[in-house]
2 protein chains.
Amino acid sequence: MAKAKIKADISTEEKIKEAARKVFTQKGYAATRTRDIAEEAGINLALLNYYFRSKEKLFEIIILEKMQILFGKIGPTIMNEGTSIEEKVELVAEHYIDTLVSNPDIPLFVLGEIKNNPDKFAKLIKTKTNITNSALFRQLAERRPDIDPLHFIFNMLGLVIFPFIGKPLIQLITGLEQQKAAALMNERKRLIKTWFVAMLEAP
Amino acid sequence: MAKAKIKADISTEEKIKEAARKVFTQKGYAATRTRDIAEEAGINLALLNYYFRSKEKLFEIIILEKMQILFGKIGPTIMNEGTSIEEKVELVAEHYIDTLVSNPDIPLFVLGEIKNNPDKFAKLIKTKTNITNSALFRQLAERRPDIDPLHFIFNMLGLVIFPFIGKPLIQLITGLEQQKAAALMNERKRLIKTWFVAMLEAP
DNA sequence: AAATTTTTTAATCAAATGATTAATACACGA
DNA sequence: TCGTGTATTAATCATTTGATTAAAAAATTT
(Lines give C-alpha, C1' and ligand atoms only; values in the text may rest on other atoms or scores of the structure.)
Protein backbone atom coordinates (compact mmCIF):
# COMPACT_ATOMS: atom_id res chain seq x y z
CA MET A 1 0.00 0.00 0.00
CA ALA A 2 2.43 2.66 -1.14
CA LYS A 3 0.60 5.92 -1.27
CA ALA A 4 2.41 8.61 0.69
CA LYS A 5 4.86 10.71 -1.23
CA ILE A 6 7.09 12.07 1.45
CA LYS A 7 9.93 12.77 -0.85
CA ALA A 8 8.49 14.16 -4.03
CA ASP A 9 10.26 13.55 -7.29
CA ILE A 10 9.52 16.95 -8.74
CA SER A 11 10.53 15.83 -12.16
CA THR A 12 7.98 13.04 -12.59
CA GLU A 13 5.12 14.74 -10.78
CA GLU A 14 5.68 17.88 -12.79
CA LYS A 15 5.94 15.92 -16.03
CA ILE A 16 2.49 14.52 -15.36
CA LYS A 17 1.04 17.90 -14.49
CA GLU A 18 2.53 19.45 -17.58
CA ALA A 19 1.07 16.71 -19.77
CA ALA A 20 -2.26 17.05 -18.00
CA ARG A 21 -2.29 20.79 -18.63
CA LYS A 22 -1.78 20.18 -22.30
CA VAL A 23 -4.27 17.37 -22.82
CA PHE A 24 -7.01 18.63 -20.52
CA THR A 25 -7.04 22.16 -21.93
CA GLN A 26 -6.86 20.86 -25.48
CA LYS A 27 -9.58 18.23 -25.28
CA GLY A 28 -11.54 18.91 -22.11
CA TYR A 29 -12.17 16.58 -19.20
CA ALA A 30 -14.52 14.11 -20.84
CA ALA A 31 -12.49 13.58 -24.00
CA THR A 32 -9.24 13.15 -22.12
CA ARG A 33 -7.99 9.63 -21.50
CA THR A 34 -5.64 9.08 -18.60
CA ARG A 35 -3.59 7.06 -21.06
CA ASP A 36 -3.22 10.15 -23.25
CA ILE A 37 -1.76 12.02 -20.33
CA ALA A 38 0.55 9.16 -19.41
CA GLU A 39 1.80 8.88 -22.97
CA GLU A 40 2.25 12.62 -23.33
CA ALA A 41 4.21 12.63 -20.08
CA GLY A 42 6.21 9.58 -21.08
CA ILE A 43 5.38 7.74 -17.88
CA ASN A 44 3.64 4.56 -16.84
CA LEU A 45 -0.11 4.92 -16.48
CA ALA A 46 -0.05 3.73 -12.89
CA LEU A 47 2.12 6.67 -11.90
CA LEU A 48 -0.73 9.03 -12.59
CA ASN A 49 -2.80 7.39 -9.90
CA TYR A 50 0.25 6.99 -7.68
CA TYR A 51 0.84 10.72 -7.62
CA PHE A 52 -2.66 12.11 -8.04
CA ARG A 53 -5.03 9.36 -6.90
CA SER A 54 -7.49 9.82 -9.77
CA LYS A 55 -8.18 11.54 -13.06
CA GLU A 56 -10.70 13.70 -11.25
CA LYS A 57 -8.21 14.89 -8.63
CA LEU A 58 -5.60 15.69 -11.24
CA PHE A 59 -8.17 17.54 -13.26
CA GLU A 60 -9.16 19.70 -10.33
CA ILE A 61 -5.57 20.75 -9.81
CA ILE A 62 -5.20 21.71 -13.45
CA ILE A 63 -8.44 23.58 -13.87
CA LEU A 64 -7.89 25.54 -10.67
CA GLU A 65 -4.55 26.60 -12.10
CA LYS A 66 -6.19 27.66 -15.34
CA MET A 67 -8.98 29.50 -13.58
CA GLN A 68 -6.38 31.31 -11.58
CA ILE A 69 -4.68 32.36 -14.81
CA LEU A 70 -7.97 33.40 -16.37
CA PHE A 71 -9.51 35.22 -13.42
CA GLY A 72 -6.67 35.76 -11.01
CA LYS A 73 -5.74 39.26 -12.00
CA ILE A 74 -9.12 40.61 -12.93
CA GLY A 75 -10.27 40.74 -9.31
CA PRO A 76 -7.64 43.11 -7.92
CA THR A 77 -7.80 45.21 -11.08
CA ILE A 78 -11.52 45.91 -11.02
CA MET A 79 -11.54 46.27 -7.24
CA ASN A 80 -8.98 49.06 -7.31
CA GLU A 81 -10.66 52.28 -6.17
CA GLY A 82 -7.73 54.37 -7.28
CA THR A 83 -7.94 53.81 -11.03
CA SER A 84 -10.39 55.10 -13.61
CA ILE A 85 -12.63 52.97 -15.80
CA GLU A 86 -10.32 53.60 -18.71
CA GLU A 87 -7.26 52.51 -16.80
CA LYS A 88 -8.98 49.36 -15.60
CA VAL A 89 -10.08 48.40 -19.08
CA GLU A 90 -6.65 49.05 -20.44
CA LEU A 91 -5.02 46.95 -17.74
CA VAL A 92 -7.46 44.10 -18.22
CA ALA A 93 -7.09 44.14 -21.99
CA GLU A 94 -3.32 44.24 -21.94
CA HIS A 95 -2.91 41.63 -19.28
CA TYR A 96 -5.40 39.17 -20.63
CA ILE A 97 -4.49 39.41 -24.25
CA ASP A 98 -0.87 38.81 -23.38
CA THR A 99 -1.89 35.89 -21.22
CA LEU A 100 -4.27 34.40 -23.76
CA VAL A 101 -1.91 34.70 -26.70
CA SER A 102 0.29 32.24 -24.81
CA ASN A 103 -2.69 30.19 -23.59
CA PRO A 104 -5.34 30.41 -26.30
CA ASP A 105 -7.16 27.25 -25.18
CA ILE A 106 -7.93 28.44 -21.69
CA PRO A 107 -11.18 30.38 -22.19
CA LEU A 108 -13.08 27.65 -24.02
CA PHE A 109 -11.71 25.08 -21.60
CA VAL A 110 -12.54 26.95 -18.42
CA LEU A 111 -15.90 28.33 -19.51
CA GLY A 112 -16.87 24.95 -20.89
CA GLU A 113 -16.04 23.09 -17.70
CA ILE A 114 -17.78 25.71 -15.59
CA LYS A 115 -20.89 25.24 -17.66
CA ASN A 116 -20.67 21.44 -17.35
CA ASN A 117 -20.35 21.59 -13.62
CA PRO A 118 -21.35 24.95 -12.14
CA ASP A 119 -21.89 23.62 -8.63
CA LYS A 120 -18.36 22.38 -8.39
CA PHE A 121 -16.93 25.85 -8.82
CA ALA A 122 -19.70 27.78 -7.14
CA LYS A 123 -18.10 28.36 -3.76
CA LEU A 124 -14.65 28.69 -5.19
CA ILE A 125 -15.43 31.63 -7.44
CA LYS A 126 -18.32 33.26 -5.71
CA THR A 127 -16.42 34.23 -2.60
CA LYS A 128 -13.34 35.32 -4.43
CA THR A 129 -14.49 38.33 -6.36
CA ASN A 130 -17.98 39.66 -6.30
CA ILE A 131 -18.06 41.79 -9.40
CA THR A 132 -21.22 43.49 -8.24
CA ASN A 133 -19.35 45.13 -5.38
CA SER A 134 -16.33 46.12 -7.40
CA ALA A 135 -15.11 49.65 -7.92
CA LEU A 136 -15.52 49.14 -11.65
CA PHE A 137 -19.16 48.21 -11.22
CA ARG A 138 -19.82 51.33 -9.17
CA GLN A 139 -17.92 53.55 -11.56
CA LEU A 140 -19.87 52.18 -14.51
CA ALA A 141 -23.16 52.74 -12.70
CA GLU A 142 -22.15 56.34 -12.02
CA ARG A 143 -20.97 57.04 -15.52
CA ARG A 144 -23.96 55.45 -17.23
CA PRO A 145 -26.84 55.23 -14.76
CA ASP A 146 -29.13 54.45 -17.69
CA ILE A 147 -27.41 51.18 -18.58
CA ASP A 148 -26.93 48.07 -16.46
CA PRO A 149 -23.22 47.81 -15.63
CA LEU A 150 -23.35 44.11 -16.42
CA HIS A 151 -23.62 45.07 -20.07
CA PHE A 152 -20.25 46.72 -19.93
CA ILE A 153 -18.76 43.79 -18.05
CA PHE A 154 -20.00 41.52 -20.82
CA ASN A 155 -18.64 43.95 -23.39
CA MET A 156 -15.22 44.14 -21.85
CA LEU A 157 -14.89 40.41 -21.43
CA GLY A 158 -16.39 39.79 -24.86
CA LEU A 159 -13.98 42.11 -26.61
CA VAL A 160 -11.02 40.53 -24.84
CA ILE A 161 -11.96 36.87 -24.61
CA PHE A 162 -14.25 36.17 -27.54
CA PRO A 163 -11.60 36.41 -30.27
CA PHE A 164 -9.81 33.49 -28.63
CA ILE A 165 -12.99 31.46 -28.49
CA GLY A 166 -14.01 32.31 -32.05
CA LYS A 167 -10.55 31.96 -33.52
CA PRO A 168 -10.93 28.33 -34.67
CA LEU A 169 -14.08 29.34 -36.51
CA ILE A 170 -12.59 32.48 -38.03
CA GLN A 171 -9.50 30.57 -39.07
CA LEU A 172 -11.75 28.09 -40.78
CA ILE A 173 -13.73 30.60 -42.78
CA THR A 174 -11.02 33.14 -43.54
CA GLY A 175 -7.88 31.04 -43.56
CA LEU A 176 -6.45 33.46 -41.03
CA GLU A 177 -2.88 32.40 -40.31
CA GLN A 178 -1.58 31.95 -36.81
CA GLN A 179 0.90 34.80 -37.16
CA LYS A 180 -1.63 37.35 -38.36
CA ALA A 181 -4.01 36.22 -35.64
CA ALA A 182 -1.39 36.98 -33.00
CA ALA A 183 -0.75 40.38 -34.57
CA LEU A 184 -4.47 41.14 -34.51
CA MET A 185 -4.72 40.21 -30.86
CA ASN A 186 -1.87 42.53 -30.03
CA GLU A 187 -3.51 45.39 -31.86
CA ARG A 188 -6.61 44.84 -29.79
CA LYS A 189 -4.80 45.70 -26.59
CA ARG A 190 -4.72 49.30 -27.70
CA LEU A 191 -8.03 49.33 -29.58
CA ILE A 192 -10.23 47.84 -26.89
CA LYS A 193 -9.63 50.73 -24.56
CA THR A 194 -10.70 53.21 -27.26
CA TRP A 195 -13.69 51.14 -28.24
CA PHE A 196 -14.78 50.74 -24.66
CA VAL A 197 -14.65 54.48 -24.05
CA ALA A 198 -16.63 55.03 -27.24
CA MET A 199 -19.30 52.60 -26.05
CA LEU A 200 -19.43 54.34 -22.70
CA GLU A 201 -20.08 57.65 -24.43
CA ALA A 202 -22.51 56.31 -26.99
CA PRO A 203 -25.91 58.07 -27.02
CA MET B 1 -30.18 -7.89 -41.36
CA ALA B 2 -32.88 -5.29 -40.93
CA LYS B 3 -31.40 -1.97 -41.77
CA ALA B 4 -33.39 -0.09 -44.35
CA LYS B 5 -36.06 2.23 -43.09
CA ILE B 6 -38.30 2.63 -46.05
CA LYS B 7 -41.21 3.84 -44.11
CA ALA B 8 -39.92 6.14 -41.43
CA ASP B 9 -41.69 6.24 -38.10
CA ILE B 10 -41.36 9.96 -37.60
CA SER B 11 -42.29 9.73 -34.00
CA THR B 12 -39.49 7.44 -32.83
CA GLU B 13 -36.81 8.83 -35.08
CA GLU B 14 -37.71 12.35 -34.07
CA LYS B 15 -37.80 11.41 -30.39
CA ILE B 16 -34.22 10.25 -30.68
CA LYS B 17 -33.13 13.35 -32.53
CA GLU B 18 -34.81 15.58 -29.99
CA ALA B 19 -33.09 13.78 -27.13
CA ALA B 20 -29.80 13.93 -29.00
CA ARG B 21 -30.18 17.67 -29.50
CA LYS B 22 -30.66 18.11 -25.79
CA VAL B 23 -27.90 15.85 -24.53
CA PHE B 24 -25.28 16.67 -27.14
CA THR B 25 -25.65 20.43 -26.84
CA GLN B 26 -25.72 20.23 -23.08
CA LYS B 27 -22.73 17.96 -22.54
CA GLY B 28 -20.82 17.88 -25.82
CA TYR B 29 -19.91 14.87 -27.93
CA ALA B 30 -17.32 13.26 -25.69
CA ALA B 31 -19.32 13.49 -22.47
CA THR B 32 -22.48 12.17 -24.07
CA ARG B 33 -23.34 8.50 -23.61
CA THR B 34 -25.59 6.91 -26.17
CA ARG B 35 -27.45 5.47 -23.19
CA ASP B 36 -28.16 9.03 -21.98
CA ILE B 37 -29.79 9.78 -25.28
CA ALA B 38 -31.78 6.56 -25.28
CA GLU B 39 -33.02 7.19 -21.77
CA GLU B 40 -33.87 10.81 -22.50
CA ALA B 41 -35.78 9.66 -25.57
CA GLY B 42 -37.46 6.83 -23.68
CA ILE B 43 -36.42 4.23 -26.22
CA ASN B 44 -34.35 1.08 -26.34
CA LEU B 45 -30.65 1.72 -26.86
CA ALA B 46 -30.54 -0.47 -29.96
CA LEU B 47 -32.99 1.80 -31.72
CA LEU B 48 -30.41 4.56 -31.79
CA ASN B 49 -28.16 2.43 -33.94
CA TYR B 50 -31.10 1.08 -35.89
CA TYR B 51 -32.09 4.56 -37.01
CA PHE B 52 -28.76 6.36 -37.09
CA ARG B 53 -26.10 3.65 -37.43
CA SER B 54 -23.76 5.19 -34.87
CA LYS B 55 -23.28 7.88 -32.24
CA GLU B 56 -20.98 9.67 -34.67
CA LYS B 57 -23.56 9.76 -37.46
CA LEU B 58 -26.28 11.01 -35.15
CA PHE B 59 -23.93 13.63 -33.80
CA GLU B 60 -23.14 14.92 -37.27
CA ILE B 61 -26.82 15.39 -37.99
CA ILE B 62 -27.33 17.33 -34.79
CA ILE B 63 -24.30 19.57 -34.99
CA LEU B 64 -25.03 20.43 -38.62
CA GLU B 65 -28.48 21.52 -37.51
CA LYS B 66 -27.00 23.63 -34.75
CA MET B 67 -24.39 25.16 -37.02
CA GLN B 68 -27.15 26.03 -39.42
CA ILE B 69 -28.99 27.79 -36.61
CA LEU B 70 -25.86 29.58 -35.48
CA PHE B 71 -24.49 30.60 -38.86
CA GLY B 72 -27.30 30.13 -41.28
CA LYS B 73 -28.63 33.63 -41.34
CA ILE B 74 -25.41 35.55 -40.90
CA GLY B 75 -24.24 34.73 -44.43
CA PRO B 76 -27.09 36.30 -46.40
CA THR B 77 -27.19 39.24 -44.00
CA ILE B 78 -23.57 40.29 -44.33
CA MET B 79 -23.52 39.52 -48.06
CA ASN B 80 -26.37 41.95 -48.75
CA GLU B 81 -25.01 44.84 -50.81
CA GLY B 82 -28.17 46.84 -50.29
CA THR B 83 -27.95 47.43 -46.55
CA SER B 84 -25.68 49.64 -44.50
CA ILE B 85 -23.27 48.50 -41.83
CA GLU B 86 -25.68 49.72 -39.19
CA GLU B 87 -28.58 47.80 -40.65
CA LYS B 88 -26.52 44.64 -40.91
CA VAL B 89 -25.37 44.86 -37.32
CA GLU B 90 -28.89 45.51 -36.15
CA LEU B 91 -30.24 42.54 -38.09
CA VAL B 92 -27.51 40.24 -36.84
CA ALA B 93 -27.93 41.34 -33.24
CA GLU B 94 -31.71 41.04 -33.26
CA HIS B 95 -31.81 37.73 -35.05
CA TYR B 96 -29.06 36.03 -33.06
CA ILE B 97 -30.06 37.24 -29.65
CA ASP B 98 -33.59 36.02 -30.25
CA THR B 99 -32.23 32.71 -31.48
CA LEU B 100 -29.74 32.30 -28.65
CA VAL B 101 -32.17 33.21 -25.90
CA SER B 102 -34.04 30.07 -26.95
CA ASN B 103 -30.86 28.09 -27.56
CA PRO B 104 -28.29 29.36 -25.09
CA ASP B 105 -26.13 26.24 -25.25
CA ILE B 106 -25.43 26.43 -28.95
CA PRO B 107 -22.42 28.76 -29.09
CA LEU B 108 -20.27 26.89 -26.58
CA PHE B 109 -21.32 23.60 -28.11
CA VAL B 110 -20.64 24.52 -31.73
CA LEU B 111 -17.46 26.51 -31.13
CA GLY B 112 -16.17 23.79 -28.85
CA GLU B 113 -16.73 21.02 -31.35
CA ILE B 114 -15.25 23.08 -34.16
CA LYS B 115 -12.14 23.54 -32.08
CA ASN B 116 -11.97 19.82 -31.29
CA ASN B 117 -12.25 18.84 -34.90
CA PRO B 118 -11.60 21.71 -37.30
CA ASP B 119 -10.88 19.49 -40.30
CA LYS B 120 -14.27 17.86 -40.07
CA PHE B 121 -16.05 21.16 -40.64
CA ALA B 122 -13.49 22.79 -42.86
CA LYS B 123 -15.08 22.19 -46.25
CA LEU B 124 -18.56 22.55 -44.92
CA ILE B 125 -18.14 26.08 -43.61
CA LYS B 126 -15.42 27.43 -45.80
CA THR B 127 -17.37 27.26 -49.02
CA LYS B 128 -20.55 28.50 -47.50
CA THR B 129 -19.76 32.05 -46.59
CA ASN B 130 -16.41 33.64 -47.10
CA ILE B 131 -16.60 36.59 -44.76
CA THR B 132 -13.63 38.20 -46.43
CA ASN B 133 -15.62 38.71 -49.62
CA SER B 134 -18.75 39.93 -47.92
CA ALA B 135 -20.35 43.31 -48.44
CA LEU B 136 -19.93 43.97 -44.74
CA PHE B 137 -16.22 43.33 -44.93
CA ARG B 138 -15.84 45.77 -47.79
CA GLN B 139 -18.01 48.37 -46.13
CA LEU B 140 -15.97 48.14 -42.96
CA ALA B 141 -12.74 48.49 -44.90
CA GLU B 142 -14.10 51.60 -46.57
CA ARG B 143 -15.39 53.17 -43.41
CA ARG B 144 -12.29 52.48 -41.36
CA PRO B 145 -9.36 51.83 -43.69
CA ASP B 146 -7.04 52.20 -40.71
CA ILE B 147 -8.42 49.17 -38.87
CA ASP B 148 -8.55 45.55 -39.98
CA PRO B 149 -12.20 44.65 -40.66
CA LEU B 150 -11.69 41.40 -38.82
CA HIS B 151 -11.57 43.38 -35.61
CA PHE B 152 -15.10 44.57 -36.18
CA ILE B 153 -16.23 41.08 -37.09
CA PHE B 154 -14.81 39.86 -33.80
CA ASN B 155 -16.45 42.78 -32.03
CA MET B 156 -19.86 42.15 -33.53
CA LEU B 157 -19.77 38.44 -32.80
CA GLY B 158 -18.27 39.02 -29.38
CA LEU B 159 -20.95 41.49 -28.34
CA VAL B 160 -23.69 39.15 -29.53
CA ILE B 161 -22.37 35.71 -28.68
CA PHE B 162 -20.07 36.14 -25.71
CA PRO B 163 -22.77 36.89 -23.14
CA PHE B 164 -24.20 33.45 -23.83
CA ILE B 165 -20.83 31.81 -23.41
CA GLY B 166 -19.96 33.77 -20.29
CA LYS B 167 -23.40 33.49 -18.71
CA PRO B 168 -22.65 30.42 -16.57
CA LEU B 169 -19.67 32.24 -15.15
CA ILE B 170 -21.50 35.50 -14.57
CA GLN B 171 -24.39 33.66 -12.99
CA LEU B 172 -21.92 32.03 -10.65
CA ILE B 173 -20.25 35.23 -9.51
CA THR B 174 -23.23 37.56 -9.46
CA GLY B 175 -26.13 35.25 -8.80
CA LEU B 176 -27.78 36.66 -11.89
CA GLU B 177 -31.19 35.08 -12.22
CA GLN B 178 -32.39 33.49 -15.43
CA GLN B 179 -35.14 36.04 -15.88
CA LYS B 180 -32.93 39.09 -15.51
CA ALA B 181 -30.40 37.48 -17.83
CA ALA B 182 -33.03 37.15 -20.53
CA ALA B 183 -34.05 40.77 -20.02
CA LEU B 184 -30.44 41.87 -20.35
CA MET B 185 -30.04 39.95 -23.58
CA ASN B 186 -33.09 41.61 -25.00
CA GLU B 187 -31.77 45.04 -24.09
CA ARG B 188 -28.60 44.24 -25.97
CA LYS B 189 -30.44 43.93 -29.26
CA ARG B 190 -30.93 47.68 -29.26
CA LEU B 191 -27.67 48.59 -27.50
CA ILE B 192 -25.28 46.61 -29.68
CA LYS B 193 -26.14 48.62 -32.75
CA THR B 194 -25.40 51.88 -30.91
CA TRP B 195 -22.21 50.50 -29.41
CA PHE B 196 -21.03 49.20 -32.74
CA VAL B 197 -21.54 52.56 -34.42
CA ALA B 198 -19.69 54.22 -31.55
CA MET B 199 -16.76 51.85 -32.02
CA LEU B 200 -16.76 52.54 -35.73
CA GLU B 201 -16.47 56.24 -35.04
CA ALA B 202 -13.97 55.98 -32.24
CA PRO B 203 -10.78 58.00 -32.78
C1' DA C 1 -55.91 -14.41 -42.41
C1' DA C 2 -51.38 -15.54 -44.05
C1' DA C 3 -47.14 -13.73 -45.41
C1' DT C 4 -43.90 -10.24 -45.37
C1' DT C 5 -41.73 -6.27 -43.82
C1' DT C 6 -40.69 -3.01 -40.30
C1' DT C 7 -40.01 -1.83 -35.54
C1' DT C 8 -38.75 -2.90 -30.87
C1' DT C 9 -36.68 -5.47 -27.15
C1' DA C 10 -33.44 -8.09 -24.14
C1' DA C 11 -29.18 -10.09 -24.09
C1' DT C 12 -24.65 -9.98 -25.29
C1' DC C 13 -20.01 -8.62 -27.32
C1' DA C 14 -15.68 -6.43 -27.78
C1' DA C 15 -13.06 -2.61 -26.95
C1' DA C 16 -11.90 1.18 -24.11
C1' DT C 17 -10.98 3.09 -19.77
C1' DG C 18 -10.05 4.35 -14.86
C1' DA C 19 -8.01 2.14 -11.35
C1' DT C 20 -5.44 -1.37 -8.57
C1' DT C 21 -2.08 -4.85 -7.42
C1' DA C 22 2.00 -7.31 -6.80
C1' DA C 23 6.41 -7.47 -8.05
C1' DT C 24 10.69 -5.07 -9.17
C1' DA C 25 14.08 -1.25 -9.39
C1' DC C 26 16.00 2.55 -7.18
C1' DA C 27 17.81 5.74 -3.59
C1' DC C 28 19.99 6.50 0.45
C1' DG C 29 20.84 6.63 5.41
C1' DA C 30 22.48 3.41 9.12
C1' DT D 1 26.24 -3.37 2.31
C1' DC D 2 22.18 -4.03 4.26
C1' DG D 3 17.61 -2.43 5.04
C1' DT D 4 13.90 0.57 4.54
C1' DG D 5 11.12 3.57 2.28
C1' DT D 6 10.16 5.42 -2.40
C1' DA D 7 9.44 5.12 -7.36
C1' DT D 8 8.30 2.52 -11.41
C1' DT D 9 6.58 -1.20 -14.16
C1' DA D 10 3.72 -4.92 -16.27
C1' DA D 11 -0.26 -7.30 -15.66
C1' DT D 12 -4.82 -7.39 -14.44
C1' DC D 13 -9.60 -5.93 -12.81
C1' DA D 14 -14.14 -4.12 -12.99
C1' DT D 15 -17.00 -1.02 -15.27
C1' DT D 16 -18.49 1.60 -18.86
C1' DT D 17 -19.69 2.16 -23.46
C1' DG D 18 -20.69 1.83 -28.46
C1' DA D 19 -22.44 -1.56 -31.14
C1' DT D 20 -24.57 -6.03 -32.67
C1' DT D 21 -27.55 -10.02 -32.71
C1' DA D 22 -31.40 -12.91 -32.56
C1' DA D 23 -35.84 -13.14 -31.32
C1' DA D 24 -40.41 -11.05 -30.52
C1' DA D 25 -43.92 -7.68 -31.53
C1' DA D 26 -46.25 -4.65 -34.47
C1' DA D 27 -47.55 -2.98 -38.76
C1' DT D 28 -48.35 -3.57 -43.62
C1' DT D 29 -49.18 -6.03 -47.79
C1' DT D 30 -51.07 -9.73 -50.41
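Reminder, nothing fancy here: chain letters follow the sequence lines and each chain counts from 1.
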Answer yes or no: is there an ion pair linking B:Glu94 with B:Lys73, defined by an N-O contact shorter than 4.0 Å?
-> no
Does atom NZ of B:Lys15 have more than 12 heavy-atom neighbours from other groups under 6.0 Å away?
-> yes
Centroid-to-centroid, A:Phe152 to B:Trp195, below 6.0 Å?
-> yes
Ring centers of B:Phe24, B:Phe59 separated by less than 6.0 Å = yes
Minimum side-chain heavy-atom gap B:Glu18-B:Ile37 below 4.5 Å = no
Using atom [atom1] of [X] as one end and atom [atom2] of [N] as the other, report the distance to the nearest whole Å.
X       : N      : atom1 : atom2 : answer
A:Phe59 : C:dT17 : CZ    : P     : 17 Å
A:Glu39 : C:dG18 : CD    : P     : 13 Å
B:Ile37 : D:dT17 : CD1   : P     : 12 Å
B:Leu58 : D:dT17 : CG    : P     : 17 Å
A:Ile43 : C:dA19 : CD1   : C1'   : 13 Å
B:Leu47 : C:dT7  : CG    : P     : 10 Å
B:Phe52 : D:dG18 : CZ    : C1'   : 16 Å

Residue-phosphate contact under 4.0 Å: B:Thr12 side-chain N/O, C:dT7 OP1/OP2 | no
Atom pairs under 3.5 Å: protein N/O with N/O of nucleotides 19-23 of chain D:
residue: D:dA19; atom: OP2; partner: B:Lys55; partner atom: N; Å: 2.7

B:Lys88 and B:Gln139: side-chain donor and acceptor closer than 3.5 Å?
-> yes
